[in-house]
Number of protein chains: 2
Amino acid sequence: MSGSRYGEIAEALRRSILEGEYPVGALLPSESDLAARWGASRGTVRQAVGLLASEGLIGSRQGARRVVLRQERRHSFAQLTSFAQWAQAMGCEVSSRILTRTTRRAGAEEASRLGVARDSEVLYVLRLRRLDGEPVLVERTAYTDWVAPAVRDLPDDCVSIMDSIAENAGIVAHYGEHLIDAVAAGSEDARLLGVRRGSPLLRQRYLTYTAAGRPIEWTDDRYLPGSVAFAVSNSAAASPLERHAGPSVTPHPVRAP
Amino acid sequence: MSGSRYGEIAEALRRSILEGEYPVGALLPSESDLAARWGASRGTVRQAVGLLASEGLIGSRQGARRVVLRQERRHSFAQLTSFAQWAQAMGCEVSSRILTRTTRRAGAEEASRLGVARDSEVLYVLRLRRLDGEPVLVERTAYTDWVAPAVRDLPDDCVSIMDSIAENAGIVAHYGEHLIDAVAAGSEDARLLGVRRGSPLLRQRYLTYTAAGRPIEWTDDRYLPGSVAFAVSNSAAASPLERHAGPSVTPHPVRAP
DNA sequence: AAGTGGTCTAGACCACTAG
DNA sequence: TAGTGGTCTAGACCACTTC
C-alpha cells in the first residue's frame with residue numbers, strides 16, 4: 001500500500017490534516033484538483049480519499065466537497081490483534097510476562113472456536129501485560145496444536161507473541177473476529193490486576209486465522225477500565241435509510257483521571 | 001446504494017453466501033467471471049465484493065480467489081446509532097421509556113463534546129430500554145439546543161428518537177464517533193437494570209453529528225453484560241506490516257446462558 | 001505458464017449541492 | 001447553472017498464487 005500511488009497521496013493528505021493545513025471542518029480540494037496536482041487519474045485519487053474516509057478522518061456527501069472530520073492520528077484496527085504493536089505506536093512502554101503455559105485437551109469453547117476436535121491438545125497461555133509499568137491486561141490464549149510448538153519455546157517476557165511466531169514460523173494472522181463486552185473480575189483477574197473481585201473489566205475475545213482460513217488462536221483479553229477503550233468512527237451514506245460506509249475502529253488510550 | 005449496479009451484485013452474492021451456496025471456506029467466482037455473468041465491468045464487480053469484504057463476509061489475497069469467511073448476516077455498524085433499528089433487524093422486540101427530561105446548563109463534559117458554550121442550555125434525557133421485555137440499557141443523552149425542541153414533545157414511549165427527529169425535523173445523523181469501555185453500575189443504573197451497585201456494565205458513549213458537522217447529541221449507553229456485545233471483523237493486507245483493510249463492526253446479540 | 005487480484009488510466013453520465 | 005462526488009466502462013500492466 002505504501003508502495004502504491006494512492007497510498008502515497010493518502011499519506012500526504014493525512015499529514016496535511018494532522019499538521020493542521022486542513023483543520024476540522026475545512027474542505028478538501030476537489031477530486032479533479034487533486035488528480036491534476038498529483039498527475040494521477042481520478043480513480044486513483046478516489047482510492048486515496050477512500051482510505052482516509054475509512055480511517056474516519058474525512059467525510060463526504062455527493063455534490064459537496066469532502067470535509068475534515070477529525071485531526072487525530074488513528075492506527076489501523078488491524079493492530080488490535082497485536083497489543084504490543086499498538087502500545088508502541090501510541091508511545092507507551094509495554095511489557096509482558098507469561099505466567100503459565102500448559103498443554104491440555106481443548107475445552108468445549110476452545111474446540112468450537114478453533115475448529116478442532118474435543119480431545120485434541122491445545123496450548124494455554126496466561127499472560128499479564130503492563131502499560132508504562134502498570135498491569136492493565138490479563139490475557140488467556142489457546143493456541144491450536146500446529147501453532148503450539150512455535151509458542152512453546154518463547155521466553156516468558158516475549159513482548160509480542162504474534163510478531164515472534166510470524167518471524168520464526170511464518171505464521172501470520174490475516175483475519176480476526178472480535179467480541180467486545182464487559183465482565184466481572186474473577187479471583188485470578190482481581191489478584192493480577194490489583195482490583196476487587198467482581199469489579200468491571202472490559203473484555204475482548206478474538207479468534208485469529210491465517211489467509212487460508214486456518215484458526216491460529218482464541219484469546220480472552222481483560223482490560224482494566226480506564227486504561228483503554230475502543231474508539232469507533234462511522235459515517236452514513238447520504239440517505240438515512242441506506243447506510244453502508246465502512247467504520248474505522250481502534251483501541252484508544254484513556255488518559256488517567 | 002441499492003439503486004446501484006454494484007449494490008445489486010453485492011446483494012445477490014450476499015444472499016448466495018447466507019443461503020449456503022458458497023459455504024465458509026468456499027472460493028467465489030473470479031472478478032472476470034462475475035463481470036461476464038452480470039454484464040458489468042470489472043470495476044463495478046470490485047465495488048460489490050469490496051462491500052462484502054467491508055462487512056467481513058469475504059476475504060481476499062492478491063493472486064488467489066476470494067474466500068468466504070463467514071456465513072452470518074451482519075448489519076451495518078451505522079445502525080449502532082439506532083438501538084431500535086438494530087434490535088428490530090435482529091428480530092427482537094424493543095421498547096423504551098423516557099424517565100426524565102430536563103433542560104439544564106451544559107456540564108463541562110457535554111459542552112466540550114457538543115462544542116457549545118458552558119452556559120448554553122442542553123436537554124438531558126434519561127431512558128430505560130428493553131429487549132423482549134427485559135431491561136438491558138440505560139441511556140443518558142444530552143441534546144444540543146437546536147435539537148432540543150424536536151425531542152421535547154416526543155411521547156415517553158417513543159421507540160426511536162433518532163428516527164423521529166429525522167422524520168419530523170429533518171435532523172439526520174451522518175457521522176458518529178463512539179467510545180466503548182466498561183464501568184461499574186452506579187446506584188441509578190443498578191436500580192433500573194436490577195443489578196447490584198458496582199457490577200460491570202458495557203458502556204458505549206457516542207457523539208453524532210450532521211453531514212455539515214454540527215453535533216446533535218452526546219450519549220452514554222450502559223448495557224447489561226450478556227445482553228449485547230460488539231462484534232468486529234478485521235482483515236489484513238497480505239503484508240503483515242502494512243495493514244489497512246477496513247474493519248466491520250456490529251452490535252452482536254448474546255444468547256442467554 | 002495460466003489465472004487472479006491489486007493498481008492505474010482516460011474517458012463518460014448522473015445526482016446532488018451551492019451560489 | 002456550475003461544480004462536485006457517485007457510478008460505470010474498457011482497456012492496461014504488474015505481483016502473486018497455483019499447478
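Here is how names work: the chains are called A, B, and so on, in the same order as the sequence lines, proteins then strands, and each is numbered from 1. Just the heavy atoms: all of them, side chains too, but no hydrogens, waters or symmetry mates, feed the values below.
Under the salt bridge (Lys or Arg N to Asp or Glu O under 4.0 Å) criterion, B/Glu167 pairs with no residue, sequence neighbours left out. Not counting sequence neighbours, B/Arg152 has no partner by the salt bridge (Lys or Arg N to Asp or Glu O under 4.0 Å) test. Under the rule for a ring pair (Phe, Tyr, Trp, His ring centres under 6.0 Å), the partners of B/Tyr209 that lie at least two apart in sequence or sit in another chain are B/Tyr175. Remark: B/Arg101 pairs with B/Asp156 by the salt bridge (Lys or Arg N to Asp or Glu O under 4.0 Å) rule, at least two apart or across chains. Qualifying salt bridge (Lys or Arg N to Asp or Glu O under 4.0 Å) partners for A/Arg140, counting only residues two or more places apart in sequence or in other chains: A/Glu188, A/Asp189. Every side-chain contact (heavy atoms from CB on, under 4.5 Å) that A/Pro155 has, sequence neighbours left out, goes to A/Asp157, A/Cys158.
Contact annotation: A/Arg5 does not reach the phosphate of C/dC8 (side-chain N/O to OP1 or OP2, under 4.0 Å). OP1 and OP2 of C/dG6 both lie 4.0 Å or more from every side-chain N or O belonging to A/Ser4. Phosphate proximity of D/dG6 to A/Arg66: present, with a side-chain N or O under 4.0 Å from OP1 or OP2. Residue B/Arg65 places none of its side-chain N or O atoms closer than 4.0 Å to OP1 or OP2 of C/dG6. An OP1 or OP2 oxygen of D/dT7 is reached within less than 4.0 angstrom by a side-chain nitrogen or oxygen of B/Tyr6.
A straight line from CD of B/Gln62 to P of D/dC16 spans 6 Å, rounded to a whole angstrom. For B/Leu27 and D/dT17, the CG to C1' distance is 12 Å, given to the nearest whole Å. Note: CG (B/Leu51) to P (D/dG6) measures 14 Å, nearest angstrom. Between the CD atom of A/Glu31 and the C1' atom of C/dC8 there is a distance of 15 Å, given to the nearest Å.
Side-chain atoms of B/Arg5 and B/Thr44 include no donor-acceptor pair closer than 3.5 Å.
For residues 34-48 of chain B, proximity to DNA chain C is found at B/Arg42, B/Arg46, defined as any non-hydrogen atom under 4.0 angstrom from a strand atom.
Stretches of at least 3 consecutive Watson-Crick or G-U wobble pairs, with each checked distance under 3.5 Å, appear in DNA chain C as C:1-18 with D:1-18.
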Validation: residues 114-121 of chain A side-chain donor-acceptor distances under 3.5 Å, sequence neighbours left out:
residue  : atom : partner  : partner atom : Å
A/Arg118 : NE   : A/Ala106 : O            : 3.4
A/Ser120 : OG   : A/Ala117 : O            : 3.4

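B/Arg129 places no side-chain N or O within donor-acceptor distance of the main-chain N or O of B/Ser96, the cut-off being under 3.5 Å.
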